[in-house]
Amino acid sequence: MAERPVASTAPELVVETETGSTVMSPVRDYHVGRDPHSDIVIDDPRVSWHHAVLRPVDGHWTLKDEHSTNGTYAEGHRVQEWDVGPGSVLRFGDPTNGPRAVLVGLAATPERPSAVHRPARTHTFRNPASVRPLPTHTIRIGRAEDNDLIVADLVVSRRHAELRAHADGTYEIIDLDSHNGTYLNGQRVTRAPVGPGDIIGIGHSAFCLVGGQLQEYVDTGEISLDVQDLTVAVDRGRRTLLDGVSFPAREKCLLAVVGPSGAGKSTLLGALTGQRPADHGTVLYDGRDLYHDYAELRQRIGLVPQEDILHTQLTVHAALSYAAELRFPQDTAEAERRARVDEVTRELGLEQRAHQPLHSLSGGQRKRVSVALELLTKPSLLFLDEPTSGLDPGMDRSVMHTLRGLADDGRTVIVVTHSVLSLDVCDRLLVLAPGGRVAYYGPPGHALAFFGFTQWPEAFEAFEHDQDRDWAGEYRASPFHRHYVAGVGARPEEPGEGPVAVGPPPRPRGWAAQLGTLVRRYTAVLSADRTFLLVMIALPFVLGGMARALAGGELDRRSAMNTLLILCVGGVLTGAANAVREIVKERVIYRRERAVGLSRSAYLTSKVVVLGTVTVLQAVVLTLVALYGVDLNAPGGQGVLMPPLIEIAVAVALLAFTAMMLGLLISALVRREEVTMPLLVLLAIVQVVFCGALLQLDGVPGLEQLAWLVPARWAFAAMAATVDLGRLSPDELSGDPLFAHTAGVWLLDTGMLGALSVVFGYVVHELLRRREPAVMRK
C-alpha cells in the first residue's frame with residue numbers, strides 16, 4: 001500500500017485482529033482489507049478487498065470506510081467515518097459476528113521500548129517451582145540436559161529459547177526455532193524485550209522476573225476456570241445462543257453440563273475451548289484471560305469431540321504413536337514418545353488392548369483411547385463432548401468414573417452430556433435452559449429438588465413446555481447462585497469487552513516431518529482396510545478385461561471408439577472411487593489435529609502422494625490388461641512422441657490422477673459420507689457424456705466450453721490423437737481438432753489434465769480452510 005506522509009501528534013496504537021497485531025505509528029495511513037498487500041489483512045469473505053483506512057489526523061485517529069460492500073461498524077452502528085482510540089472495538093462486514101479489531105494503546109518505556117501496554121495482570125501464581133538470581137549472561141532454556149535451565153516437558157524443544165542479559169541491565173527472550181513456540185504475556189514471539197512482571201511461557205512452565213529473581217512456575221494441571229458473562233448471538237444479534245453464562249470451576253473439578261437440545265451446550269463448548277470465542281464475556285484460565293493468551297494456553301487444553309478422533313483400522317498403540325509424532329517436537333526421541341504412549345495407556349487401563357485394532361473395541365474403550373490421545377500432551381483442562389453417547393448404562397458409568405479419576409489426578413474436566421445417569425460422580429452440575437441461560441449451577445444432588453421435580457425427564461419436559469418460566473431469574477435469586485457463583489472466582493480488575501485477538505494455531509512440526517508421518521499413517525490405514533485392498537486390486541483387472549474384450553486383436557473403426565471410452569470410464573472410476581470418501585470421513589480427526597498444529601498443506605499432500613501412487617499404478621495395470629496383445633494400429637506403428645501403448649498409459653494415468661483430485665474435491669465439499677456414492681455415479685456419467693465419444697463438442701457453443709472442465713474430455717482426446725482416431729473412424733465425432741495426430745495437440749491434451757489437477761487441488765485446500773474455525777486459519 002502506498003504511504004501518505006502526515007504530520008500528526010496522534011498516539012501510537014496497536015490494532016489486534018484474529019491473525020495478529022499491527023503497531024500503527026502516526027506517520028502514515030493504515031489500510032484494512034482482504035488485499036494481501038493491506039497493512040491489516042483480514043481474510044474473510046465479508047470484508048472487501050479495500051475495506052477501510054485508519055488515518056492519523058490532528059492528534060487522534062479516524063476510521064474511514066472505503067465504500068465497502070458489507071460496511072464497517074463501531075458500537076453496533078454502521079459508520080462511514082469515526083474517531084477511534086485506545087479501547088475502540090471495530091467490526092468489519094457484520095455488526096455482531098464480523099471480523100473484529102481492537103485498538104490498544106502503546107507505551108514506550110526505557111525498560112521495554114515499543115512494548116504493548118496491557119492492563120495490570122490479576123493472575124497470581126502459586127509458589128514457584130524454582131527461584132534463581134537473575135542471570136548476568138545469556139542462558140539457554142530447553143529439554144536437553146546441556147541447557148542452563150532444563151524444562152522436563154515433552155512439548156518443549158531440546159533447545160527451546162534463550163534469555164539474554166544486556167549490559168544495560170535489560171533482558172530479551174529469543175525463541176530458538178522451537179516446535180511449540182515461546183510466549184510473552186500470552187503472545188508468541190521470536191524475540192522481544194522482557195521487563196519485571198512479564199510472563200514468559202514455555203510449554204507448561206512460566207518464568208517471571210520478580211525482585212531480582214527469575215522465578216519458574218509449573219502448570220501441574222491443578223487450575224481453576226472462571227467463566228464470566230459469556231454471550232453469543234447470531235443472525236445479526238436477533239438470536240441469542242448464550243446469554244450471560246457465568247460459573248466457576250475449581251481445581252480437580254469434574255463439571256457436567258446438561259440441558260435440552262438447543263440450550264447452547266455446543267456453543268458453550270466452543271466458547272470455553274476458544275474455537276468459537278464468545279462475543280462478550282471473559283474466560284479466566286487460572287486467572288489468565290484465555291482469549292487474550294489463547295496462543296499459549298491452547299496447548300494446555302484437551303478436547304475430545306463426540307465422534308472418535310481415531311483411525312479405527314489402526315491398533316491402539318499405533319494410533320497413539322502417530323499422534324505423538326505429530327504433537328511432540330521433531331527432536332523428541334522415539335523412546336521418549338514410546339514412554340509417554342505407554343504411560344497414558346496404563347493411566348486409562350488400556351494395556352491389554354494396546355495391540356488390538358480400534359474397530360474391535362467397545363464404544364467405551366474407544367472413547368478411552370480418544371481421551372488417551374488428548375492426554376499425551378498433559379492438558380490441564382480437558383473438555384469432552386457427549387462422551388457417553390450411544391453407550392449402554394454400564395459403559396456410561398464406566399466412562400464417567402474414568403473422568404472422575406482424571407480429575408482427581410490433577411485436572412479440571414468439563415463434560416457436555418445428555419446422559420443424567422452418572423451425575424453423582426461429578427463435583428458440579430451446570431444446567432442450561434433454552435436460550436443459553438444458566439438454570440442451575442451447584443452440586444448435582446440438589447438440582448432436581450431446586451427445580452421441584454423428582455425425575456430428570458420431568459425437568460427437561462418442563463424446559464421445553466414452560467417457556468414463560470424465568471429459569472435464569474429464579475436461579476439468580478437463589479442461595480445456590482450466591483454461594484456457588486457470586487461468592488466464588490476472581491474478577492479481573494479491568495474486564496475485557498469480549499475476546500481479544502486470537503492468534504493462529506501453534507506452528508506445526510516441520511512440514512516434511514509431518515508429511516512423512518502422515519504418509520506412513522495413511523499407508524498403514526489403507527493397508528489395514530482389507531475391503532479397500534481387494535477392490536483396489538480387482539477394479540483395474542475387471543475394467544481392463546472389459547476393454548480387452550471390446551478391442552479384439554486390433555483397433556479398427558468399430559472397436560477403437562468403444563475401447564478408448566471404456567479406458568476413460570475405467571480411469572475416472574479408479575481415481576474418483578479411491579478418493580471420494582477420504583476427506584469427509586476424517587473431518588473430525590482433521591479438525592482436531594489442525595487445532596493442535598497440523599499443517600493443512602501437509603495433510604492434503606499426504607492424501608495426494610498415497611492415493612496418487614495407488615491410482616497411477618491401477619491406471620497402468622488397467623491399460624496393460626486392456627491393450628495386452630492388441631495391435632494399436634497407430635500411423636507408422638508409432639504414437640505422437642512415444643510408443644502408442646506408453647502414450648495411452650500416460651493419458652489414462654493422468655486421467656485417473658485428475659479424477660482422484662476431483663474425488664478429493666467432492667469429499668471436501670460434502671458434509672456427509674453417504675452423499676459421496678451418488679455423486680460418484682453422477683461424476684462418471686458426466687465424464688462419459690462429455691468425453692467426446694458420444695456427443696459432438698467441437699464448435700458447439702456452451703457444450704464445448706463446459707467440456708473443458710471435464711478430465712475425460714482431454715484424456716480421450718490424447719488417446720484419440722495417439723491412435724489417430726480420425727484415420728480409423730472418419731466421421732463428425734472423430735474429426736475433432738483435439739484428436740489430431742500431432743505433438744502439439746497431444747501435449748495440450750495431457751497438459752490440460754495436469755492443469756485441472758492443480759486447480760482441483762487448490763480448491764480442496766481452500767475448502768479445508770473455510771470449513772475450519774477462524775482460530776485455525778493462518
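Residue pairs meeting the ring pair (Phe, Tyr, Trp, His ring centres under 6.0 Å) criterion with at least one member in residues 367-392, sequence neighbours excluded, do not occur. Judged as a ring pair (Phe, Tyr, Trp, His ring centres under 6.0 Å), the pairs with a partner in residues 240-268 (not counting sequence neighbours) are, in order, Phe247-Tyr441. For the ring pair (Phe, Tyr, Trp, His ring centres under 6.0 Å) condition, the pairs that include at least one residue of residues 352-375, sequence neighbours left out, are His317-His355.
Ser606 meets the side-chain hydrogen bond (donor to acceptor under 3.5 Å, both in side chains) test with no other residue; sequence neighbours excluded. Here Trp471 pairs with Phe451, Phe463 under the ring-ring contact (aromatic ring centres under 6.0 Å, His included) rule; sequence neighbours left out. Taking the side-chain hydrogen bond (donor to acceptor under 3.5 Å, both in side chains) definition, one finds that Glu334 meets it with Arg338, sequence neighbours left out. Applying the side-chain contact (heavy atoms from CB on, under 4.5 Å) test to Thr332 and every residue at least two apart in sequence or in another chain returns Arg143, Leu154, Phe328, Pro329, Glu336, Arg337. Evaluation of the side-chain hydrogen bond (donor to acceptor under 3.5 Å, both in side chains) rule for Asp385 yields no partner, not counting sequence neighbours. Taking Glu461 as the reference, His465 meet the side-chain contact (heavy atoms from CB on, under 4.5 Å) condition, with sequence neighbours excluded. Among residues two or more places apart in sequence or in another chain, the side-chain contact (heavy atoms from CB on, under 4.5 Å) test is passed with Arg300 by His204, Asp219, Tyr285, Arg288, Glu296, Leu297. Listed by chain and residue number, nothing satisfies the side-chain hydrogen bond (donor to acceptor under 3.5 Å, both in side chains) test with Tyr322 (two or more places apart in sequence, or in another chain).
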May I have the list of side-chain donor-acceptor pairs in residues 523-536 shorter than 3.5 Å, sequence neighbours left out?
residue: Thr523; atom: OG1; partner: Val519; partner atom: O; Å: 2.7
residue: Ser527; atom: OG; partner: Thr523; partner atom: O; Å: 2.7
residue: Asp529; atom: OD1; partner: Thr531; partner atom: N; Å: 3.3
residue: Asp529; atom: OD1; partner: Phe532; partner atom: N; Å: 3.3

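A salt bridge between Arg587 and Glu307 is absent, with no side-chain N of the basic residue lying under 4.0 Å from a carboxylate O of the acidic one.
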